[in-house]
Amino acid sequence: MNETLSKILGGKQGAIGLAILAAFIMIVLPLGLDPFRLGLIGKYLTYAFVAVSLVLLWGNGGILSLGQGIFFGLGGYGMAMFLKLEASDPVSTAIQSTPGIPDFMDWNQLTALPWFWEPFKSLPLTILAILVVPTIFAFLIGYAMFKRRVGGVYFAIITQAIALILSILIVGQQGYTGGVNGITDLKTLLGWDIRSDSAKYVLYYVNAGLLIACILLSRYVLSSKFGMLLLAMRDKEERVRFSGYDVSNFKIFIFCLAAMISAIGGAMFTLQVGFMSPTFIGIVPSIEMVIFAAVGGRMSLIGAVYGTLLVNFGKTMFSETYPELWLFLMGGLFIAVVMFFPNGIAGIYDKYAKKVPFLRKLSEETPKAKKAEAIPAAPVETKEAGVKA
Amino acid sequence: MFDYSMAEIGNIVVMQAFSGLSLFSVLLLMALGLAIIFGQMGVINMAHGEFMAIGAYTTVFLSKVAETYGIVNYYFLFAIVIAFIIAFIIGYIIEFALIRHLYKRPLDTLLATWGLSLVMQQIFRSTFGAKEVSAVLPEWLMGSFQPTPDIDIPINGVFVLALALVVTVGVYIFMFRSRWGLRVRATVQNRVMAGAVGINTKKVDRVTFALGCGIAGVAGAAFTTIASTGPTTGSLYIVDSFMVVVFGGAASILGTIASAFGIAQAQSILQFFMTSSMGKVATLMVIVGILMMRPEGLFASKVRK
């Protein structure tokens, strides 16, 4: 038991890093920021779920998914559908021609609730759907692709196309999905007003708690034998396959896990922000989420959270004052991270932490096995990239 | 759909098919450049759409110049060449500054070129404005001809189609019938051996990448004849063009032509019978579905890697 615990916490250094992160997002930020800014941080932290999932999938597994927005969106839409049905009770929608269905359905001349909205009348079923639907979807995509040994850039392009399909589909089917505006005007969760300041604080803490839990879960997965195999697959896929492991099953599993973590982020996004729209699903948000993970350090679960906060904070700051500069900066960030800092903030920290006496002491106590994880500046991807027909 | 007579449906199909041919031409030109870069070099260039925009903006700019000198009727062929040259030069520089450092990391190339595309879009927006601009077309490109009274075929569509076919033949000759193409193919097959027999493989990479970008520039010039250009025009076509290349089988020119044709026709005809977004969804879903069954694409080389 103790051994498992220390594995999850990642040794002394890992535990301290996590404690600092927890203290930062749970104590420092709530004390230092007004409710509006804290709401923004809460929103960014929901993206951090996706960044964490990409650390698992991309940093450790070498699988770049440009479609994590799909799962973020599925989770978010699941929660939004439940909240929307609660907000559309027959009394408050009495002026509609069909009371009791969401307003956008009424505008689009729908007279009955579509069948796939029915399960979202119950909260337990909704939570189940948020966790299970994205996972099944990921399983189907993963099964079709990894079993045929599609990987590398092909996988990236196809997941990107799926993200595009889903966002066009949601925009096009306005009557069923709310179209380009998304699902808006969400008010209460089981009668509890999610727009009040106190609710925002509670949701913020729930979100932060879930994020830490997801990081712990990911740590556990990565520190197990499976995590080792994942790294081995990233660097020498053929060798792992010839050692007798079924590589595709591992890939499917990590893709499903990443999908589920992203979906939790999506659901928390809807709860905190109060709406969900197709702008969080398409190509652009999906690839932006990759840069969050890349800035934080594609190998570092905790770095991913800081990376997300940093990029989004920069985005908010710049788009308030110099909107035209932001795209230059964002583009430059993509190029700079890839060219000069492939290990992101975590890589810079590891490099310079040794020079600070207190931090050096910490890193010297790190178990040897951990150190072996740092990726070489140029991860070897050429061999497994592409289709092996 | 049932309000039309059979003859009318026939005419609609012909006209939709022809508008599909215009889309086919642009997709083909985009995909040819990509197929060279991706199929031969394995590099994912997410900024490819922006190279198309470079070609389009060049053409628009030249058309404004031509208008002031009153030579609108003659500038267009010249503009195609200039669009090619400018996109080629910028591609050459970008290969030198960025791409060549990332050949061993294809996924990172993808991210870096995405960043590049953001920067280029913002440059377009700052230079040419956020509004869409369009070129002044020479008179001989305007109008349409009517083989029967009910069928209306625009001349610019015919021109773009012809241009796409000429460029395709040009690429084929370059890749499979010229000394340069031989070097490119040798480098792809075995870089070390190609270097050993005296081929400057780094130069081959640079020229191949620049050539792909140049063809995207031609695609942009062609694009101005059928639509107007905005800063994000290129990004609208990038997923489609990647789908064309992957669907066709990465290294095959014939496959690229066939899949560009199939995708463009399917989109164009489905868009008439469904809504425009559902037509696109249906097409993309079928492609992704087929790619899941047959990941190597339609016309893949039968080599086990």
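We name chains A, B, ... by the order of the sequence lines, and we start the count at 1 in each one.
Heavy atoms from other residues, nucleotides or ligands lying under 6.0 Å from CE of B/Met193 number 12 at most. No more than 12 heavy atoms of other residues, nucleotides or ligands sit less than 6.0 Å from atom CZ of B/Phe261. The number of heavy atoms from other shown groups lying within 6.0 Å of CZ (A/Arg239) does not exceed 12. Under a cut-off of 6.0 angstrom, the local environment of NZ in B/Lys202 is sparse, with at most 12 non-hydrogen atoms contributed by other residues, nucleotides or ligands. Atom OH of A/Tyr143 has 12 or fewer neighbouring heavy atoms from other residues, nucleotides or ligands inside a 6.0 Å radius.
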Handout entry: Check against side chain to side chain contact (heavy atoms under 4.5 Å, CB included), A/Gln160 and B/Leu110
Key = CA-CA 12 Å; A/Gln160 187 173 51; B/Leu110 197 158; 6.0 Å; no
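Heavy-atom minimum distance, A/Leu327 versus B/Leu118: CD2-CD2, 3.9 Å. Here the closest heavy-atom approach between residue B/Val288 and residue A/Ala161 is recorded as CG2-CB, 4.1 Å. Nearest heavy-atom pair, A/Phe328 versus B/Ile123, reported as atom, atom and distance to 0.1 Å: CE2-CG1, 3.5 Å. Listed here is the closest heavy atom pair of A/Gly172 and B/Ser277: CA-OG, 3.6 Å.
Taken from CE in A/Met339 to CG in B/Leu102, the straight-line distance is 5.5 Å, to the nearest 0.5 Å. Distance check, rounded to the nearest 0.5 Å: CD1 of A/Ile162 to CE of B/Met285 gives 10.5 Å. Separating the CG atom in A/Leu164 from the CG atom in B/Asp240 is a distance of 7.5 Å, to the nearest 0.5 Å. To the nearest 0.5 Å, the span separating CD1 on B/Ile287 from CD1 on A/Ile165 amounts to 8.0 Å.
For A/Ile157, the parts lying near chain B are the backbone and the side chain together; criterion is any non-hydrogen pair under 4.5 Å. Using a 4.5 Å cut-off between heavy atoms, B/Met120 does not touch chain A at all. At a 4.5 Å heavy-atom cutoff, the contact between A/Ile287 and chain B is made by side-chain atoms alone. Of the atoms belonging to A/Leu66, it is side-chain heavy atoms, and not backbone ones, that fall under 4.5 Å from chain B. A/Ala156 touches chain B through its side chain: at least one heavy atom from C-beta onward sits under 4.5 Å away, while N, CA, C and O do not. B/Leu98 touches chain A through backbone and side chain together, each having a heavy atom under 4.5 Å away. Heavy atoms closer than 4.5 Å to chain A are found nowhere in B/Ala130, neither backbone nor side chain.
Chain A forms more heavy-atom pairs under 4.5 Å with one residue of B/Leu111, B/Leu116, B/Leu284 than with any other, namely B/Leu111.
Annotation: side chain of B/Trp114 is not in contact with side chain of A/Val338 (no heavy-atom distance under 4.5 Å). The side-chain heavy atoms of B/Val281 and A/Gln173, taken from C-beta on, include no pair separated by under 4.5 Å. With contacts defined as side-chain heavy-atom distances shorter than 4.5 Å, the pair B/Met292/A/Val150 does not qualify. Under the 4.5 Å side-chain criterion, counting only non-hydrogen atoms from C-beta, A/Val153 is in contact with B/Phe38.
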